[in-house]
Undergrad: 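Take a look at the following structure, please.
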Amino acid sequence: MATASLPARPTALLIICSLPVSVLLAQTEIKLPKNRYTPEEDVKLGREAAAEIREQYPIIKDERIAGYLTMLGDRLVAVAPADLNKKVFEYSFTPVNLKEINAFALPGGPMFVHRGMFTAAAAEGEVVGVMAHELAHVLLRHGTANASKAQNPWLQLGQIAGVVGGAMVGGTAGAAIAQGSNFGLGTLLLKYSREYEKQADLLGAQIMARAGYDPRALARMFETIEKESKSEGGSGPQWMSSHPNPGNRTVYINKEAEALTIATTADASQFASIKTAFADLPAPLTMAELAKRKTEPKGAAVQSVGTPGQPVPPPSAEYRTVSGGKVFQAAVPSNWSSLTSSNSVRIVPQNGYGQLNGETVFSHGIEFGLAQAGTRDLQGATNAWLKAIAESNPNLKLAGEQQPLRISQRSAIATPLLNSSPLGGQERLGLYTTFLADGTLFYYLTVVPEQDAAAFQDTFRRIGESIRLTDVR
Ligand SMILES: [Zn+2]
């Protein structure tokens with residue numbers, strides 16, 4: 001491109017000189033902290049942790065809300081300082097149906113914003129402010145900068161990823177939540193020092209201004225969060241524990257705002273309608289509720305999702321994808337939890353699985369599993385498996401004829417069953433069987449008490465249709 005059309009230098013100088021004095025205050029320069037990791041390693045860590053979070057958290061799939069959040073995120077990324085905005089970063093902006101006022105970003109770009117943040121925000125700029133603050137943590141690579149400061153020299157990337165993954169899927173979740181952190185992620189990657197907080201505030205303010213938002217909105221949001229965190233049973237402490245107030249937050253953010261030129265005001269007209277869009281979603285979970293329905297550690301003596309016999313909430317219309325190793329993927333209601341054992345995965349609603357009168361009870365949900373088959377004949381293998389489960393369920397009986405169908409385009413058999421429900425009365429079971437390429441029997445079993453059968457029918461059908469067998473054929 002020719003450069004002849006660029007304005008001559010003196011003109012630009014003239015314009016600067018005619019601006020109000022306050023603009024001449026320089027914006028604060030932010031120094032990138034020392035980091036032993038590469039941006040690629042940030043991305044890998046964040047990607048793995050984000051996958052865990054998408055499995056565990058109630059992700060909001062509503063396209064209006066998700067699309068809106070992505071639009072806001074894109075606005076900010078577009079004006080992020082080029083030297084900090086690494087090409088390898090993989091940004092994503094995901095709304096989650098959680099009640100607490102919180103948001104967090106993982107190394108390399110994945111950002112999650114709680115529904116509670118929208119509820120608490122009085123204007124779009126307040127949500128954008130928190131997002132800009134989180135984006136600043138990503139750009140400044142504060143997570144891995146933190147890890148770089150860790151004393152153990154053997155703390156390598158793989159181990160950190162293990163810590164992240166383990167902390168999130170493991171049983172320490174309850175304890176971590178009690179301390180107000182993000183499933184233990186907080187301790188290493190998401191618990192920022194006051195120095196990093198101030199950096200994120202200032203860089204966040206600068207990015208906001210370039211995107212057309214007044215950074216003072218960020219200060220207002222922090223004030224709301226602080227107020228919430230001090231109130232009895234407030235919903236802000238989680239944020240506060242990972243983003244400590246460096247002190248005088250409002251003062252220095254507002255001071256920075258004075259030094260910044262705010263670009264053409266961003267269009268915030270969608271904010272009001274997006275706020276009402278949340279009303280169409282299921283009620284948000286609290287972190288404590290999420291912890292309760294989370295997967296217990298593998299091999300734990302007792303797994304449970306709530307208390308059997310208590311009311312079971314209806315299946316969510318929102319779905320999330322679960323996978324069972326390299327064998328299958330399926331879409332399940334987002335308000336159901338995964339329980340994994342060595343040869344099966346159960347996906348159950350709240351109060352669908354747990355201890356009742358000293359017995360392990362599975363009253364509602366779906367179980368995916370594998371069984372060794374002594375034959376290559378599907379009917380024979382299915383019947384052998386039925387015989388095996390009948391031994392521990394003496395009242396199990398056929399509730400109709402077995403029917404052919406397809407699971408992930410493979411020949412399968414559906415077997416309707418009736419059993420006595422551990423909750424009293426009858427329960428309806430559906431057994432669906434097919435072969436994996438190596439001759440292993442793949443099955444899924446739907447379980448629901450007779451009186452809830454109609455309410456779960458569509459959900460079970462939808463899960464069944466979503467199953468993709470991914471074993472190598
Ligand atoms: Zn922060």
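In listed order, ligands and their atoms are each counted from 1.
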Undergrad: What distance do W336 atom CH2 and I347 atom CD1 have between them, rounded to the nearest 0.5 Å?
TA: 9.0 Å
Undergrad: Within rounding of 10°, what is the angle whose vertex is the Zn ion (ligand 1) and whose arms end at NE2 of H133 and OE1 of E197?
TA: 80°
Undergrad: Under a 4.0 Å threshold between the charged nitrogen and the carboxylate oxygen, would K198 count as salt-bridged to D201?
TA: no
Undergrad: Taking H364 as the fixed residue, which of P313, P315, P308, P349 is the one that meets the side-chain contact (heavy atoms from CB on, under 4.5 Å) rule?
TA: P349
Undergrad: For H243, what is the atom name of its N, O or S atom nearest to the Zn ion (ligand 1)?
TA: ND1
Undergrad: If I consider every N, O or S atom in H137, which one ends up closest to the Zn ion (ligand 1)? I only need its name.
TA: NE2
Undergrad: Could you check if a side-chain atom of Q199 sits within less than 4.5 angstrom of a side-chain atom of H137, using non-hydrogen atoms only?
TA: no
